Chemist: 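Once you've had a glance at the structure underneath, I'll fire off some questions.
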Amino acid sequence: MPLDELMKIRRAKLDEMYKQGINPYGERFERTHLAREIIENFDQLAETETRIAGRIMSFRTHGKASFADLADLSGRIQLYVRVDQLGEAKYEQFCKLDIGDIIAVRGRIFRTRRGEISVEVHDFLMMAKSLRPLPDKWHGLKDVEIRYRQRYLDLIVNPDVREVFATRSRVIHALRSFLLEQGFLEVETPMLNVIAGGATARPFVTHHNVLDMDLYLRIAPELYLKRLLVGGFEKVFEIGKNFRNEGVSTKHNPEFTGVEVYQAYADAADMMKLTEELVAHVAREVVGSTDVQFGDYAISLAPPWPRLPMLEAVKQYAGVDLSGIDDAQARKLAKDQGLEVAPDASYGQVLEEFFDTYVEPNLIQPIFITDYPVEISPLAKRKKDNPQLTERFEPFVVTWEIGNGFSELNDPIDQLERFRKQVEKRESGDEEAHMMDEDFITALEHGMPPAGGLGIGIDRLVMLLTNSRSIRDVILFPHMRPRG
RNA sequence: GAGCCAUUAGCUCAGCAGGUAGAGCACCGGACUUUUAAUCCGGGUGUCCCGCGUUCGAAUCGCGGAUGGCUCACCA
């Protein structure tokens with residue numbers, strides 16, 4: 001039946017309600033129980049009176065007695081209605097209800113002959129009339145486009161989806177309380193930036209009308225958080241959105257949620273420890289174990305995770321030793337292996353290319369890759385024994401990079417030099433290279449304590465803990481093009 | 001941004017040697033006072049994603065477009 005006809009029928013029922021003096025859009029209702037509470041505590045609650053509310057999910061009418069399923073946030077419970085309890089008029093009203101209507105019920109808790117815990121309806125009130133049909137009660141909603149665009153339908157009809165987002169909430173809660181307990185201070189820094197820094201990514205541009213100036217949506221909070229280290233906040237973190245004007249994929253949404261953590265007088269090694277403890281803590285709190293199943297993989301998140309220097313990893317997986325060579329030699333090795341790199345690619349970029357191609361696809365169990373080349377790590381402290389490399393690490397699980405951390409560069413002169421290199425790249429067309437942030441240099445010139453910093457991609461962490469293959473399945477309203 | 005695939009009733013899906021569209025659920029009417037994917041009887045149905053073309057005839061074939069999915073590229 002076409003949608004407009006289905007809607008007409010419901011509109012007619014709505015009009016009928018008004019005619020009978022019923023308000024189809026009800027008000028405050030005090031519930032005594034949730035569906036799940038009734039089911040879990042049936043032994044104590046049997047034969048008592050309850051007040052519940054929720055959405056009607058299905059009907060089974062039997063003439064003078066009928067059944068319906070009512071769903072609230074906790075789950076579903078069966079309603080039982082009989083004409084000799086409700087009276088003819090009210091019973092008729094009940095039978096005219098539609099799947100999707102939201103009602104409040106007063107009734108008696110009992111168990112049916114078939115053993116189903118139910119509520120015998122003694123009275124009910126309209127909370128909201130539904131004017132549109134719900135998706136199929138048995139098959140649910142499968143059309144992914146509708147699931148994302150009209151997420152509320154997905155949530156009504158597919159209970160496991162609701163569970164994923166409840167888990168997401170618990171992940172963020174666990175993460176936040178873990179950091180707070182360790183004495184970190186939660187802060188908020190600007191999303192509207194004059195300079196988009198702290199990561200290599202293309203930013204979104206927006207415009208401030210009154211000031212008549214373009215602003216960037218932040219790509220990372222890093223440079224603000226480090227200004228706070230200068231200011232004397234020695235342990236800070238921020239949970240929030242970052243915006244990157246780049247491709248959309250199963251692992252990338254234009255806006256995504258991250259946590260960044262900074263700790264004065266710590267270093268990369270401390271942050272690795274913090275990372276593995278934090279992730280293990282979250283897993284324990286949220287799924288009850290550090291063992292999680294992701295697709296075909298049984299993943300153990302229990303610390304400690306192995307540490308593997310990037311050069312070692314490339315030697316191990318690609319069989320190529322890139323240590324102690326210059327840019328030209330590196331490019332030649334890449335060419336020999338059939339890897340495509342830019343004609344002016346630096347040593348660090350070549351190393352990264354080797355890593356991405358040969359190593360990354362193999363990193364299933366959690367591991368820290370360490371010692372990233374300086375050219376691709378403009379904010380990280382150099383290694384004492386090898387200035388080509390930095391004290392930087394990235395945690396990997398199921399082949400995904402789930403974070404990034406390092407010993408923070410606190411030398412303003414080196415930082416300025418690194419920014420200049422980035423600006424050169426920018427001027428030669430690399431839109432992802434850093435912009436010059438003189439104000440940040442000024443901050444460093446006042447003295448920033450040595451510190452460890454860490455960023456974790458929360459969406460990917462949630463994907464891991466909910467066995468979700470697409471980032472869109474862990475973001476309530478993922479980015480979509482407007483419908484044609 | 002490129003390649004491949006998908007789009008048919010409110011939902012889930014059939015139909016595709018080209019002959020003008022079907023099922024289940026939902027919906028409407030009827031029977032039924034403990035059912036649970038309730039059952040039984042009866043009923044209605046659509047811009048077959050959009051446009052252009054080929055053809056006597058297009059849901060079906062061709063071209064262009066839209067949206068989505070997957071893979072690749074950039075990245076977290």
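In the text below, chain A, chain B and the rest are named by the order of the sequence lines, each starting its count at 1. These figures come from a predicted structure and were not determined experimentally.
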Chemist: Grab the CG-C1' distance between A:D98 and B:C11 for me, whole Å please.
Modeler: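 Going from A:D98 (CG) to B:C11 (C1'), I get 15 Å.
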Chemist: So, are A:E391 and A:K381 salt-bridged, with charged N and O less than 4.0 Å apart?
Modeler: no
Chemist: Return the value, rounded to whole Å, for the distance between atom CG of A:D143 and atom C1' of B:C5.
Modeler: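 Those two atoms, CG and C1', are 15 Å apart.
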Chemist: Using 30° and 60° as the class boundaries, would you call the ring planes of A:F440 and A:F419 parallel, tilted or perpendicular?
Modeler: perpendicular
Chemist: What distance, rounded to whole Å, do you find between the two C1' atoms, one in B:C48 and one in B:C13?
Modeler: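 It works out to 13 Å between them.
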Chemist: In whole angstrom, what separates A:D101's CG from B:A26's P?
Modeler: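 Computing the A:D101:CG to B:A26:P distance gives 15 Å.
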Chemist: Does anything in residues 1-16 of chain A reach RNA chain B, meaning a heavy atom under 4.0 Å, and if so which residues?
Modeler: A:M1, A:P2, A:L3, A:L6, A:I9, A:K13
Chemist: Write out a two-atom table: protein N or O, nucleotide N or O from nucleotides 31-34 of chain B, distance below 3.5 Å.
Modeler:
{"from": "B:C32", "atom 1": "N3", "to": "A:G63", "atom 2": "N", "distance (Å)": "3.2"}
{"from": "B:C32", "atom 1": "N4", "to": "A:G63", "atom 2": "N", "distance (Å)": "3.1"}
{"from": "B:U33", "atom 1": "OP2", "to": "A:K64", "atom 2": "N", "distance (Å)": "3.4"}
{"from": "B:U33", "atom 1": "N3", "to": "A:D84", "atom 2": "OD2", "distance (Å)": "3.2"}
{"from": "B:U33", "atom 1": "O4", "to": "A:D84", "atom 2": "OD2", "distance (Å)": "3.3"}
{"from": "B:U34", "atom 1": "O2'", "to": "A:R113", "atom 2": "NE", "distance (Å)": "3.3"}
{"from": "B:U34", "atom 1": "O2", "to": "A:R113", "atom 2": "N", "distance (Å)": "2.6"}

Chemist: What's the gap between B:G15 and B:G24 when it is taken at their C1' atoms, as a whole Å value?
Modeler: 15 Å
Chemist: Would you say CZ of A:R469 has more than 12 non-hydrogen atoms from neighbouring residues, nucleotides or ligands within 6.0 angstrom?
Modeler: yes
Chemist: Between A:R481 and A:E145, does at least one N-O distance fall below 4.0 Å, as a salt bridge requires?
Modeler: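 Looking at A:R481 and A:E145, the cut-off is not met.
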Chemist: What distance separates A:F204 CZ from A:F243 CZ, expressed to the nearest 0.5 Å?
Modeler: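 Between A:F204 CZ and A:F243 CZ, I get 8.5 Å after rounding to 0.5 Å.
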Chemist: Roughly how far apart, to the nearest Å, are B:C11 and B:U45 at atom C1'?
Modeler: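 Roughly 14 Å separates the two C1' atoms.
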Chemist: Only pairs at least two apart or in different chains count here, so list each salt bridge (Lys or Arg N to Asp or Glu O under 4.0 Å) that has a residue in residues 41-50 of chain A.
Modeler: A:E47-A:R108, A:E49-A:R106
Chemist: Rounding to the closest angstrom, what is the interatomic distance between B:A9 and B:U35 at atom C1'?
Modeler: 29 Å
Chemist: Can you work out whether A:E145 or A:R460 has the more 5'-proximal nearest nucleotide on RNA chain B?
Modeler: A:E145
Chemist: What would the secondary structure line of RNA chain B be in dot-bracket form, counting Watson-Crick and G-U wobble pairs under 3.5 Å, with [ ] for pairs that cross earlier ones and | for pairs with another strand?
Modeler: (((((((..((((.....[..)))).(((((.......))))).....(((((..]....))))))))))))....
Chemist: Using whole Å, what does the distance between atom P of nucleotide B:A76 and atom CG of A:N245 come to?
Modeler: 14 Å
Chemist: Of A:R55, A:R60, A:K137, which is the lone residue that meets salt bridge (charged side-chain N to carboxylate O under 4.0 Å, His left out) with A:D69?
Modeler: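 One option only clears the test, and that one is A:R60.
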Chemist: With respect to the phosphate group of B:A26, does any side-chain polar atom (N or O) of A:K137 fall under 4.0 Å of OP1 or OP2?
Modeler: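 Checking A:K137 against B:A26: at least one side-chain N or O falls below 4.0 Å of OP1 or OP2.
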Chemist: Any salt bridge linking A:K425 with A:E375? Criterion: basic side-chain nitrogen under 4.0 Å from a carboxylate oxygen.
Modeler: no
Chemist: Expressed as a whole number of angstroms, how long is the span from A:E246:CD to B:A76:P?
Modeler: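 From A:E246 CD to B:A76 P: 7 Å.
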Chemist: Do you know the tightest heavy-atom contact between A:H434 and A:Q422?
Modeler: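 For A:H434 and A:Q422, the tightest heavy-atom pair comes out as N-OE1, 2.9 Å.
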Chemist: Side-chain N or O of A:R244 less than 4.0 angstrom from OP1 or OP2 on B:C74?
Modeler: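 A:R244 to B:C74 OP1/OP2: no side-chain N or O under 4.0 Å.
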Chemist: Is there a donor and acceptor pair closer than 3.5 Å between the side chain of A:D136 and the base of B:G10?
Modeler: no
Chemist: Counting only side-chain nitrogens and oxygens, does A:R60 get under 4.0 Å of the OP1 or OP2 atom of B:A38?
Modeler: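 It does, given that an N or O in the side chain of A:R60 lies less than 4.0 Å from OP1 or OP2 of B:A38.
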Chemist: Under 4.0 Å between any heavy atoms, over every strand shown, what does A:G258 touch: base, sugar-phosphate, or nothing? Just pick one.
Modeler: nothing
Chemist: Charged N to carboxylate O below 4.0 Å: is that the case for A:R168 and A:D459?
Modeler: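 Looking at A:R168 and A:D459, the cut-off is met.
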Chemist: Answer yes or no: does a side-chain N or O of A:R147 lie under 4.0 Å from OP1 or OP2 of B:G69?
Modeler: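 No.
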Chemist: May I ask you to verify whether the side chain of A:E116 and the base of B:U35 hold a donor-acceptor pair under 3.5 Å?
Modeler: no
Chemist: Looking at A:T466 and A:V462, what are the two nearest heavy atoms and their distance?
Modeler: OG1-O, 2.6 Å
Chemist: According to the side-chain hydrogen bond (donor to acceptor under 3.5 Å, both in side chains) rule, which pairs have a member within residues 362-372 of chain A, sequence neighbours left out?
Modeler: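 As it turns out, the side-chain hydrogen bond (donor to acceptor under 3.5 Å, both in side chains) pairs with a partner in residues 362-372 of chain A, which skip direct neighbours, are A:D371-A:K383, A:Y372-A:E394.
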Chemist: Within the structure shown, what part of the strands sits under 4.0 Å from A:L134 by heavy-atom distance: base, sugar-phosphate, or nothing?
Modeler: nothing
Chemist: Counting side-chain heavy atoms from C-beta on, which of B:U12, B:U67, B:A38 comes nearest to A:H139?
Modeler: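 The closest nucleotide is B:U12.
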Chemist: Between the side chain of A:D98 and the main-chain N/O of A:K129, is any donor-acceptor distance below 3.5 Å?
Modeler: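 No; zero donor-acceptor contacts below 3.5 Å.
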Chemist: Would you call the rings of A:F178 and A:H281 parallel, tilted or perpendicular if under 30° counts as parallel and over 60° as perpendicular?
Modeler: tilted
Chemist: Which heavy atom of A:A196 sits nearest to which heavy atom of A:I219, and what is that distance?
Modeler: O-CD1, 3.8 Å
Chemist: On RNA chain B, nearest-nucleotide positions of A:T250 versus A:N404: which is more 5'?
Modeler: A:T250
Chemist: Verify the contact: side-chain N or O of A:R469 to OP1 or OP2 of B:C70, cut-off strictly under 4.0 Å; return yes or no.
Modeler: no
Chemist: Counting only heavy atoms and a strict 4.0 angstrom limit, can you tell me which residues of residues 354-380 of chain A come near RNA chain B?
Modeler: none
Chemist: How long is the line joining NZ of A:K142 and P of B:A6, in whole Å?
Modeler: 18 Å
